[in-house]
Participant: 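Before we start, here is the structure in question, set down as structure tokens.
Here, residue 1 is the first one in the sequence, and each next residue gets the next number. Just so you know, these numbers use all the heavy atoms, side chains as well, and skip hydrogens, waters and symmetry mates. Whatever order the structure lists them in is the order used to number ligands and atoms, beginning at 1.
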Amino acid sequence: MLNDLAEILLTKEEIEKKVAELGEKISEDYKDKNLLLVGILKGCVVFMSDLMKHITIPARIDFMSVSSYGAGVKSSGVVKIIKDLDNPIQGYDVLIVEDILDSGLTLHYIIDLLKSRNPNSIRICTLLDKPYSRKVEVKTDYCGFEIPDKFVIGYGLDYAEKYRNLPFVGVLKPEIYEK
Ligand code: IMP
Ligand code: MG
């Protein structure tokens, strides 16, 4: 797997430190609220399981699975719900937990959908943000790192379902997805 990497962008230690800070901030901001973490599968799994351990207030969790990429490296703009939330979100302060915000198309769609279900509030927490590749306006409320417009993998992020188990974030060699 390591041979497929052009560089390591974020080390395990850098990520751990940032995730702890995010958890602390969320715990403070939501202490009088009714926090529901909504993870967007599958990219969120590593981030969300680390993040929730740093949240010190009561928090519920739920998951949604969507697909917008197929096996490629750019968003198709077509979002398909593969698994919806288990429970209604009315009365909850929803915090969407995503691996990365890129074009914004996926989150834009999810936010519109969840807003129609009348939660108390909706905010976004992403580990990574590529602010220069936005196609629709979406802002993160909690963001780990802004990164350049490169295709990254690891810490939950995949290319064609591979590399999610790497404990750091790396840049994939372009020849891997160009071949
Ligand atoms: P968006 O709809 O373009 O904002 O894309 C969001 C989704 O695309 C994320 O949840 C990821 O699953 C995927 N994605 C975007 N950029 C990358 C990347 O650099 N590496 C791996 N997955 C990515
Ligand atoms: Mg993905």
Participant: Work out whether the distance between some heavy atom of Ile40 and some atom of ligand 1 is less than 4.0 Å.
Facilitator: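 Contact absent.
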Participant: Begin from the C-alpha positions of Glu14 and Lys17 and carry the test salt bridge (charged side-chain N to carboxylate O under 4.0 Å, His left out) through to its verdict.
Facilitator: CA-CA 5 Å; Glu14 286 173 307; Lys17 184 163 174 281; over 6 Å; no
Participant: Under the criterion side chain to side chain contact (heavy atoms under 4.5 Å, CB included), I'd like the reasoning laid out for Val45 against Arg164: C-alpha separation, chi angles, the key distance, then a yes or no.
Facilitator: CA-CA 9 Å; Val45 285; Arg164 292 193 199 274; 5.5 Å; no
Participant: Over 60° means perpendicular and under 30° means parallel, so tell me whether Tyr159 and Phe151 are parallel, tilted or perpendicular.
Facilitator: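 Answer is perpendicular, since the angle exceeds 60°.
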Participant: Report the part of Val138 (side chain from C-beta onward, or backbone N, CA, C, O) that has a heavy atom under 4.0 Å from ligand 1; answer both or neither where that applies.
Facilitator: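 Neither part.
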Participant: Quiz question: by atom type and distance under 3.5 Å, do the side chains of Asp29 and Tyr142 form a donor-acceptor pair?
Facilitator: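 Their side chains do contain a donor-acceptor pair, which is all the 3.5 Å distance test asks for.
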Participant: Using a 4.0 Å cut-off to any heavy atom of Thr106, which atoms of ligand 1 qualify?
Facilitator: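 Answer for ligand 1: 1 (P), 2 (O), 5 (O), 6 (C).
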Participant: Which of the listed options, Asp102, Leu105, Ile100, holds the heavy atom that is closest to atom 14 (N) of ligand 1?
Facilitator: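 Considering heavy atoms of Asp102, Leu105, Ile100, the nearest to atom 14 (N) of ligand 1 sits in Ile100.
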Participant: By the definition side chain to side chain contact (heavy atoms under 4.5 Å, CB included), identify the one residue from Val169, Val152, Leu172, Leu5 that meets it with Tyr163.
Facilitator: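 Single side chain to side chain contact (heavy atoms under 4.5 Å, CB included) partner of Tyr163 among Val169, Val152, Leu172, Leu5: Leu172.
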Participant: Working to the nearest 0.5 Å, report the span between CG of Leu113 and CG of Leu107.
Facilitator: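 Taking CG in Leu113 and CG in Leu107, the distance rounds to 12.0 Å.
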Participant: Less than 3.5 Å apart, any donor N or O on the side chain of Tyr30 or Asp93 sitting next to an acceptor on the other?
Facilitator: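 Distance-only check fails for Tyr30 and Asp93.
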Participant: If you take the nearest heavy atom of each of Ser103, Ala160, Ser133, which one is closest to atom 3 (O) of ligand 1?
Facilitator: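 Looking at heavy atoms only, Ser103 sits closest to atom 3 (O) of ligand 1.
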Participant: Heavy-atom distance to atom 20 (N) of ligand 1: which of Val152, Leu157, Leu41, Ile147 wins?
Facilitator: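 Residue with the shortest heavy-atom distance to the ligand atom: Val152.
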Participant: Does Ile153 reach ligand 1, in the sense of a heavy atom lying below 4.0 Å from it?
Facilitator: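 Flag not set, Ile153 not near ligand 1.
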Participant: Measure the distances from the heavy atoms of Gly43 to every atom of ligand 1 and state whether one is below 4.0 angstrom.
Facilitator: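 Not so, Gly43 does not reach ligand 1.
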Participant: Let's go through Asp99 and Phe47 carefully: what are the C-alpha distance in whole Å and the side-chain angles of both, what is the deciding distance for side chain to side chain contact (heavy atoms under 4.5 Å, CB included) to 0.1 Å, and is it a yes or a no?
Facilitator: CA-CA 7 Å; Asp99 52 358; Phe47 178 40; 5.8 Å; no
Participant: Quick one: does Asp99 get within less than 4.0 Å of ligand 1, heavy atoms only?
Facilitator: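 It does; at least one heavy atom falls under 4.0 Å.
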Participant: For Lys150, take its heavy atoms, then give the atoms of ligand 1 lying under 4.0 Å from any of them.
Facilitator: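 Here the atoms of ligand 1 in question are 19 (O).
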Participant: I'd like to know if Lys135 contacts ligand 1, where contact means a heavy-atom distance under 4.0 Å to any ligand atom.
Facilitator: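 No, Lys135 has no heavy atoms under 4.0 Å from ligand 1.
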